[in-house]
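Everything below concerns the one structure shown next.
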Amino acid sequence: MTEPQQMADSAGNGDTAPKRRRGKNGDGAERHDAIYRTISDAIIEHKLRPGARLREDALAEVFGVSRTGIRKILQRLALEHLVTLTPRRGASVTRPTAEEARDVFAARQMVECGVMDAVARRMTAADARELRDLAARERKALKSGEQSTAIKLSAEFHERLAQLSGNATLAEFIGRLCSRSSLILAVYGTSGHLGCESHDHEDLISYLEVGKGERATAFMGRHLKAIEASLSIDEQEDEVPDLRQIFSV
């Protein structure tokens with residue numbers, strides 16, 4: 001029996017339904033989180049392309065949850081700028097424009113370069129090992145042609161750097177910028193290449209672990225400019241994806 005069937009059967013037998021943390025509209029809050037991550041990953045991995053329409057009724061059927069629950073998930077994705085909500089047209093995967101891409105990378109220049117001194121002061125040997133592991137996994141993914149995995153690992157690397165600054169507010173903001181950058185890279189980046197040298201992250205770690213915050217700041221600036229310069233932005237037509245095939249639930 002498929003998960004949607006199981007959930008439908010449970011809904012019809014309130015006494016036997018498994019107990020779980022419930023959302024305000026009857027769907028499981030943990031289930032909503034899982035669906036949010038699934039759709040987010042599908043966008044970053046380019047299974048759902050920019051402009052693709054995301055019909056509430058189709059998603060509700062695919063995931064076996066209410067349309068109200070799907071609507072809340074789409075609103076959450078819209079806050080991350082991964083989905084665009086348009087009156088009377090509904091939801092679609094965001095298509096970043098050239099101007100938006102420039103704005104995102106300009107913002108990253110300001111905030112990510114701004115936290116490098118703090119990261120250099122706070123970084124421990126264990127932090128450096130963790131970052132090197134992420135960088136190694138990113139290089140391996142690129143070498144294997146796993147572009148979407150490499151993009152996600154690169155974003156994770158930058159988010160972890162921000163967290164090491166000790167400023168939770170800036171770290172959260174940088175995480176959001178990295179999510180938007182991941183979509184931009186997935187759409188407009190070059191296959192097998194993230195716009196920077198494969199050893200860039202390793203070089204950055206080397207500056208940070210010896211406390212060279214100023215050098216790390218300058219390096220981060222060049223690193224982000226190189227990524228932005230590698231983008232090739234082409235307009236594409238909207239598409240209507242087969243949601244059941246993409247999510248296979």
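In terms of the side-chain contact (heavy atoms from CB on, under 4.5 Å) criterion, residue partners of L170 (sequence neighbours excluded) are, by chain and number, V111, V115, N167. Remark: A229 pairs with no residue by the side-chain contact (heavy atoms from CB on, under 4.5 Å) rule, at least two apart or across chains. Listed by chain and number, the residues in a side-chain contact (heavy atoms from CB on, under 4.5 Å) with E80 are Y36, L82, R176, S179 (sequence neighbours excluded). In terms of the ring-ring contact (aromatic ring centres under 6.0 Å, His included) criterion, residue partners of F157 (sequence neighbours excluded) are, by chain and number, H201. Partners of R71 by salt bridge (Lys or Arg N to Asp or Glu O under 4.0 Å), not counting sequence neighbours, listed by chain and number: E56. Not a single side-chain contact (heavy atoms from CB on, under 4.5 Å) links R122 to another residue, sequence neighbours left out. Under the rule for a salt bridge (Lys or Arg N to Asp or Glu O under 4.0 Å), D203 has no partner lying at least two apart in sequence or in another chain. Partners of R215 according to the salt bridge (Lys or Arg N to Asp or Glu O under 4.0 Å) rule, which considers only residues two or more places apart in sequence or in another chain, do not exist here.
Pairs of residues two or more places apart, or lying in two chains, never qualify as ring-ring contact (aromatic ring centres under 6.0 Å, His included) while including a residue from residues 73-104. The side-chain hydrogen bond (donor to acceptor under 3.5 Å, both in side chains) analysis of residues 124-135, with sequence neighbours excluded, yields the pairs T124-D127, E130-R160, R132-E202, R132-E209. Pairs engaging residues 202-221 under the ring-ring contact (aromatic ring centres under 6.0 Å, His included) rule: Y207-F219 [sequence neighbours left out]. Listed by first and then second residue, the salt bridge (Lys or Arg N to Asp or Glu O under 4.0 Å) pairs that reach into residues 103-120 are R108-E112, sequence neighbours excluded.
In summary, the side chains of T94 and T84 do present a donor paired with an acceptor at a separation below 3.5 Å, with no hydrogens or angles considered.
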Does the side chain to side chain contact (heavy atoms under 4.5 Å, CB included) test come out yes or no for M116 and V119, once each step is laid out? CA-CA 5 Å; M116 287 299 98; V119 175; 4.3 Å; yes
Please assess D41 against K152 for the test salt bridge (charged side-chain N to carboxylate O under 4.0 Å, His left out), listing each intermediate value before the final yes or no. CA-CA 9 Å; D41 286 347; K152 289 169 68 176; 3.5 Å; yes
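For the side chain to side chain donor-acceptor pair (under 3.5 Å) test with H223, the passing option among E228, Q109, H158 is H158; the others fail.
Residues R53 and R89 meet the side-chain proximity criterion, which asks for heavy atoms closer than 4.5 Å.
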